[in-house]
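A short write-up of the structure that comes next.
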Amino acid sequence: MTAAPAPLRRTVVTIAGHPFHALWTPEDGAIRAAGFATADDPGAIGLEERLARLDPATSARGVADAAPGEDRFGIAASLEAYAAGELDAIDRLAVAQPETPFRGEVWRALRGVAAGEAVTYTELAARAGRPSAVRAAASGCATNLVALVVPCHRIVRRDGGLGGYLFGVEIKERLLRHEGAIA
């Protein structure tokens, strides 16, 4: 009989003035879901609900807070470094989420958008290899479970507006200011 996989671990770091939750697998340190707690969702419960909807098998493992010293992958340290201004610190974090072939390309293209840069959905679709698939690229942003680390906040509307963000436009604006993409 095979033992059940260990629960995901939760690490919480304050970024842009809000608690940021990262759920990761203890065996490989891959972030499986991440997002901000907001006034409407102070415990980031919506994050676990999204994980259950988009990745039921991983969600079934459950979630436990990371114990002191358990984060041998440096997830909290990388998130804290990002919050302190070392903007590329999150680039080295491992991520894993279920993907279709095109969504995987969108998420890899998102990780290629550097801090301090903001691109349009049209540019994102082109970077993902399908310039005419703008709506599909936007859908890739909407279904991204690993916000911030897969930086969908760096995508803006063609008219220069910020567009939407699952955790609120105010957080998106704070992140873009923190990264120097907007003044």
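Predicted model, so just to flag it, every value in this text is computed and none were measured.
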[atom1] of [X] to [atom2] of [Y]: how many Å apart, nearest 0.5 Å?
{"X": "L47", "Y": "F20", "atom1": "CG", "atom2": "CZ", "answer": "8.5 Å"}
{"X": "L51", "Y": "L8", "atom1": "CG", "atom2": "CG", "answer": "6.5 Å"}
{"X": "L54", "Y": "L145", "atom1": "CG", "atom2": "CG", "answer": "4.5 Å"}
{"X": "I15", "Y": "F36", "atom1": "CD1", "atom2": "CZ", "answer": "5.0 Å"}
{"X": "R111", "Y": "D91", "atom1": "CZ", "atom2": "CG", "answer": "6.5 Å"}
{"X": "L23", "Y": "R61", "atom1": "CG", "atom2": "CZ", "answer": "11.5 Å"}

Decide if the gap between the ring center of Y82 and the ring center of H178 is smaller than 6.0 angstrom. yes

Closest non-hydrogen atom pair, [X] against [Y]:
{"X": "A33", "Y": "V146", "value": "N-CG2, 4.3 Å"}
{"X": "S59", "Y": "E48", "value": "OG-O, 4.3 Å"}
{"X": "L175", "Y": "A16", "value": "CD2-CB, 4.1 Å"}
{"X": "G163", "Y": "V169", "value": "O-CG2, 3.4 Å"}
{"X": "Y165", "Y": "A147", "value": "OH-CB, 4.0 Å"}
{"X": "L148", "Y": "I90", "value": "O-CD1, 3.4 Å"}

Does NZ or CZ of R158 lie under 6.0 Å from the centre of the six-membered ring of Y121, at an angle within 45° of the ring axis? no

Salt bridge or not between E170 and R174? Use side-chain N to carboxylate O under 4.0 Å. yes

Might you work through the side-chain contact (heavy atoms from CB on, under 4.5 Å) test for L166 and R50, ending with a clear yes or no? CA-CA 11 Å; L166 177 63; R50 287 188 80 228; 3.4 Å; yes

Determine yes or no for a side-chain-to-main-chain donor-acceptor pair under 3.5 angstrom, with [X] supplying the side chain and [Y] the backbone.
{"X": "K172", "Y": "F167", "answer": "no"}
{"X": "D55", "Y": "P98", "answer": "no"}
{"X": "E105", "Y": "F102", "answer": "no"}

Walk me through it: do N144 and Q97 pass the test side chain to side chain donor-acceptor pair (under 3.5 Å)? CA-CA 8 Å; N144 173 22; Q97 57 183 322; 3.1 Å; yes

Show the numbers, then the answer: is there a salt bridge (Lys or Arg N to Asp or Glu O under 4.0 Å) between E86 and R92? CA-CA 12 Å; E86 188 183 328; R92 8 181 215 274; 2.9 Å; yes

Would you check if [X] and [Y] make a side-chain contact, meaning some heavy-atom pair closer than 4.5 Å?
{"X": "L176", "Y": "H153", "answer": "yes"}
{"X": "C141", "Y": "L124", "answer": "yes"}
{"X": "T120", "Y": "V134", "answer": "no"}
{"X": "R9", "Y": "P7", "answer": "yes"}
{"X": "L162", "Y": "E173", "answer": "yes"}

Do T143 and R103 have a side chain donor and acceptor closer than 3.5 Å? yes

Quick check on the hydrophobic clustering: are [X] and [Y] connected, directly or via other members, by side-chain heavy-atom contacts under 4.5 Å?
{"X": "V13", "Y": "W24", "result": "yes"}
{"X": "V113", "Y": "V156", "result": "no"}
{"X": "I182", "Y": "L87", "result": "no"}

Result for salt bridge (charged side-chain N to carboxylate O under 4.0 Å, His left out) between R154 and one of E117, E123, E179 points to E179

